Amino acid sequence: MKTVGPYAIEMEGISKVFETNRTVALDRARFRVSKGAIHALVGENGAGKSTLMKILCGLERKNAGEILVDGIPKEIRSVKEAYANGIGMVNQQFHLIEDYTVLENILLGVEKTNRWGLIDRRESAKEVQKLIEMSRLELPAGRKVSELTMGQRQLVEILRILNRAVEILILDEPTSVLSPREIDWLFSIIRELRARGKTIIFISHRLDEVFELCDSITILRNGRDIAEGTLSDFDKKQVSFLMIGEPLGALNPKRSPKQCPVLLRAENLSVRDADRKTEVVRSVNMMLRGHEIAALVGVSNNGKQELVEALSGLRETSSGNIYLKDKKMTGSTPRGFRKAGIAFIPEDRVRMGASVSSSVLDNILATKYFEAPYTKRGWINRKEAGKTAESLIREYRIKGASVHAPLATLSGGNIQRVILAREISSDPSVLILCEPTWGLDHRSCDHIYERLYELAESGKAVLIVSSYLDEALRLANRIFVIYKGEIIAELENSSSLTKIAIGELMLGLGRPLSQGYEGDGSSIKAGSFDGHTS
Amino acid sequence: MVTLRDLWRTAFIVGAALGFGLCVILLASERPGDAIYAFFLGPFSNAYFFGNLLASAIPLILTGAAACVSFSASVFNLGLEGQVYLGSFLGVFLTCRFGELPPLVVYPLVFAIVFCCSGTLAALSGYLKRARNVNVLISTLLISYITIYVVDALIETVFIDPTAGLAATPYIHDKFLFARLLPPSDLHSGLFLALALTIILRIIMKKSALGFEITLTGKSPVFARYAGVSVSKVLTLSLFISGGFAGIAGITDIYGIHGRMFRGFSSGYGWNGIAVALIAKNHPLWVIPAALFFAYLENGANVGALLADITPEMARTIQATIFFTVTADALFSLIRKNKGGDAWTPSSTVSSL
Amino acid sequence: MDTFINSIVPMMTPVLFAALGGLFTHLSGLLNIGLEGLMLLSAFFSIYVAHLTHNLFFAVLAGIGISMLLAVFAGFLSLNLRANIFVVGLGVNLFANGFTVMLSSLLFSTKGTVFFQNLPKLSYIEIPLVHRIPYLGPILSGYGALDYLAIGAAVLCAIILYKTPYGYHLRAVGRDEKAAQNAGISVYWHRLYALALSGLFAGLGGCALALPLQTFVGGMTNGRGWIALVAVILGGGKPSGVFIASLIFGAASALSNWLQASAPMSPKLMMTLPFLITLLFMIVKKNNTEEGV
C-alpha cells in the first residue's frame, strides 16, 4: 500500500512537542502526497492532523524532521514561505478579519497597487469578481465578513488561498460547518482544482466524504502515521479501525432515571450574544434528572457554549428561567450558582477553567475559598486547603510537582485532573462538563468516565458537552441536539441510535422535533418535550 | 519564594543601574573622582545623609505598596500622584481644624479619613470601569491631573498661608510632627508606620480572602469570574486600598518632614512608587528594598550635588534605566531557553503584566 | 474671543501629532504609553539643535530622530525581549523626564526654563486669498507651518491607513494577529514600524510644543502625551475621530487659557478644564470594545 510518486509533498520523521502542556503531538510521522491527487489525512481528534499541516504551512515549527516540496528539501518557517512554495491552508478556525469586506480579506497580503502606492480598487475588484465567478457561487464582495454565514466564510477562505496561485491546497475539516448543498459545491470545486493539476490535502474524520472525494489516504494515530496508500486499497471499516486502534468499549449499562427527581431545569431560556444583538440560544427547555448522564451535542457556533455558560451562571440570560430543584437561579451570581451546587468545567480549560500561573493549591482553592472550613471571618485557612489538595492529588492520581508549584508545570492530562478533582470534590448536585476527554490518553479517559458514572450513581446529574459523538453515545442516557440555538431533538440513547442520525440532526437535516424523527431505518424516539411537567 | 533566578535578576538590575550611573557621572562631571565618591558612598558617609536616605524611602515604600495592590489585581492605577496630593492636603487641612485635640486622637482620625478619601478617589475609576467601561489606566490618570489642579487652586486661594513666600498652606501645630529619629536628618518615626503598613498589606494579600481574590483576579480575570469572584468588586476594592495607601504616603511625609502642604509637593512619589512596585514584582515586602534602592540613588545624586558637580536629575535618569533593565527580565528566559520558537510574541495587552 | 479661537489650533497641534503616532501603535495592537516621554525628549532636542544650528529643519529632524530612536528601542525591548509594552512605556516616560532635565542642567546650567530669544521663529503662514475671507479668514489662515503639517498629516494618515496595503496589513495585525499571520503578514515588523511611526509623530508633537515657544521646560508636555492616548481611544481608532478628539482638547485648552486671563477665577481651576472635558467625553462615549483593564 504505497502512494505513487512523483510526490508534491514529502514529510519525513516529523516530530512536535508542545512546550506549554508537554504533549507529544507528532512522533516521527511520515506524510507523502502524490502530485495532482486529492489526498485524505484522517485520524481521531488529537491524532496530530492539524499540527502536521500547520507545520507544513508555516504556522507551527517542527522539532525534528524534513520537508520536501517537489523533491527539494525546504525549510518552511512562516506562512509567507509556505506561500512562496505554493502551499496554502484553510484552517478549521477561520482566519478572516471580521470587519474587513470579502474583497479586502481575499486581497489581504497580495494587494495590487497603482503607481501612487495606493490600492487599485478597480483592478482588484475585477480580479476577485473573476475568481468568484469561477467558483460559480454568489458571494457579495463588498459585504463585511462578520455578516456572512459560516459556509460563505469558508468560501472566502478558499478563494483567498486560490488567489495566491497556490499549487498545494490544504483543507482542514472544511465540511464541518457547511450545509449539504455547500458541501456538494465544495467537492465540485475541489475536483475542478484537481483537473487543473493542483494537489489537495483533505483533512476530515468523516469517512463518507473521504471515500466520496479522495484518491489516496494517510491515517494518523497518536502522532504517528499508521498507514498510507491509494484509497481503493481500503474499506471504511478498515480505516475506522486503523484510526481508533481498538474497538470502542461497550455502551454504558443503561439505568432508567425516569423516576428520579429533576435537578436542573431550564424554562424558555434565551441568551443573547456579547453585543446583545442576536439571540444565540432561543427558548430552550430542558431538564436534567438525578442519576443520569445527559449529553449536549451540536456543531460549533450553534449556541452550545452559550447555553452551558448560561446554565452555570456565567452568562446573562435575556429571558426564561433556570431552576435548581425548584429554586429559581435566574439572575444569581456565578458564586450563587456554585453555592447552590452547579459545577461547571468549561471547554477552555487553560484560560477559563484554571489559572496556569497560579499554584496547584490556589487552583483547587479558587472555587472553595469562600466556604467553611477554608475561610473564617475573611481569613483563609491554608492548612486546611493544603490537606484537601493533598488528598485530592492522591485520590485522582495527579502526578507532577508539589501543590505549591504553578499549574503550568503539570502535563495537560494532569491539569485536567486537577480541574475535575476540584469540581467533583465540591459535591455538586449538577456537573456540567465540556469535552470531558479532550487531549487525554485512553487510560485517563477511562478514569474520567468512571468518575462520571460514580457521580451519576450517587444521584447527581451530569451534563456533558462533547464533540465526539462516540463519547456522547457511550456515556449518555439522553442526548440533546442543539441547532441554531434551539434544542431540536432530545433522544433516548438506545442501540438503534446511530452517529449518522445525530449528525444529520446537528446539521439541521432532521425533521422537526414534534413530528418525531425517523432516519435510515433505525427509528429514534425523539421524546416530545414538555418542559413544564416533571 | 526567592529563587536563584530572582537573585541573579536583582544583582543584574543593581549592577546595570550602578554601571550606568558610573558612565553618566564620568561623562557629566569635571571631577569624576569626587562625584563618584559622593554619589556611591556619600549616602553612607554620615548619619545625616543616611537618615535622609531612609526618610526619602518612606513615601516610596508606601506608594510602592499602593501600586502593588492595584497591579496585583492587574488594574493600572496611574493616578497615585493625585491620590498622594489629595491625601496630603486633606491631612493638613484636618490637622489644622482639629488643632485643639491631642495628637493621639487626631492621628487615627486623620489617617482614617485620608485613607478613605484618597481610596475613594481611586475607586471612582473602578466604578467608571464597571458602569461605563472606561479604561482604568486613563481615568485614574485624568482624575489625578484634575485633583492636582483643584488642590493647587485650594492651596492658592482658600487655604493659603499669606506669609509664606510660595503657595503653601499654614503649618500644622508642632505637636503633630512625628519624632525625628536621627536629627538633624529628616528621618522620622513614620518609617515604622510605613514598614508596619507594608507588612500588614503583605499579610492581607497572603492570608485573607480578599487578598486571594485580588491575586486570582490579577492572574486571570476570566478564571476568577468562573470561580465565583465578583471581578468588578475586587478591582474597585484593590483600587480603593491602593488609593488609600497613596494618601497615607502623602500625609506621612507631611507629618514627618514638611509640616505643611505646598504646591508641587509630591514630585514623582506616585510615579516612582509604580517603578518600585514593578521592580519588586508586586511583592509587598520586596517593595522595601526596592524603595530603599531608589532612595539611595536619589540621595546619592543629592549628596553629589552638594559635594561635587552632579545634579539630582541624574538620579531620575538612572532610575529610568533600572526600569528598562527590569523590562529586560525576559533576557534571561531568552538566553536560557535557546530560542523558544516565537520569541517575539509580545505581551501586547495591558492586562498581561 | 478672537485670541481664544485662534489659539485652538496651536493648542491642538502637539496633541494631534502625538495622537496620530499613538494611533499607529494602537491599530497594531499595542498601547504606547510612552508618548509623553517621546514628546518631551523631542521638545528638548529640537530646542537644543535649533540653538546650535539656528536651523529649524535640523531642529525638527533632531527631535524626530531622538524620539524614533527611543521608540524603536522600546520596540526592541517589547517585541524581542518580551518586555511588557506598558512597563517599557513607563520607562520611556521616566527616562525622558530625568534625562531632559539632566541635560538641561548640564548643557544650559539651568533646571528651569530654557528660553532662547534669538532662535529662528516658525513663521506664520497666511494662505493667500483665504485669509481675506471675512470672519472665516482669520480662523482658517495664519497658523505656523507645523500646524498645517499636523492637519495634513492627519489626512495623510487616513490615506495610508485606508488606501494602502500597509494600512490594511497594519489594521489586520491589530484586529486579529493570527489571521494576519495566516495571510503572510509579519506581526513583528508591523508592530515595529508602528512604534517607529509613533516615535516620528510624537517627535513632531514635541517640536510643535517647544519650537513656537522657543522654550524648553522640564515636564513641559504636562500630560499631553497621555491626552493623545486618550484621543486615540476617544477617537475610536480612526484618524477622523482622533482629529476631532484632539480638536476638543485643543478647544478645551484654549478655553482654559482664555478664561485664566479673563475670568475672575483661580487659573488652576481653569487648567482642569482640558482634563475634565476629556474625562467627560470618555464617560459619555460608548465604550463597548474590550481593551483589557
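In this text, all values refer to a predicted model and were calculated from it rather than measured experimentally. Letters A, B, ... are given to chains in the order of the sequence lines, protein chains preceding strands, and every chain is numbered from 1.
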Taking S70(B) for the side chain and V75(B) for the main chain, is one N or O donor matched with an acceptor at less than 3.5 Å?
-> yes

Heavy-atom cut-off 4.5 Å, strictly under: side chain, backbone, both or neither for [X] against chain B?
X	result
T333(A)	neither
F370(A)	side chain
N381(A)	neither
R338(A)	side chain
R377(A)	neither
R77(A)	neither

So, for Y374(A) and Y369(A), is the gap between ring centers shorter than 6.0 Å?
-> no

Determine, for D427(A) against K460(A), whether the closest basic-nitrogen to carboxylate-oxygen distance falls under 4.0 angstrom.
-> yes

Given G378(A), S358(A), A354(A), the one with more heavy-atom pairs under 4.5 angstrom with chain B than any other is A354(A)

Taking every heavy-atom pair that is under 4.5 Å apart, which of S355(A), P334(A), P346(A), G313(A) has the most such pairs with chain B?
-> S355(A)

Can you label the angle between the H283(B) ring and the W286(B) ring as parallel, tilted or perpendicular, going by 30° and 60°?
-> perpendicular

Which class fits the ring pair F76(B) and F71(B): parallel under 30°, tilted 30 to 60°, perpendicular over 60°?
-> tilted

Between atom CG of L90(B) and atom SG of C116(B), what is the distance when rounded to the nearest 0.5 Å?
-> 11.0 Å

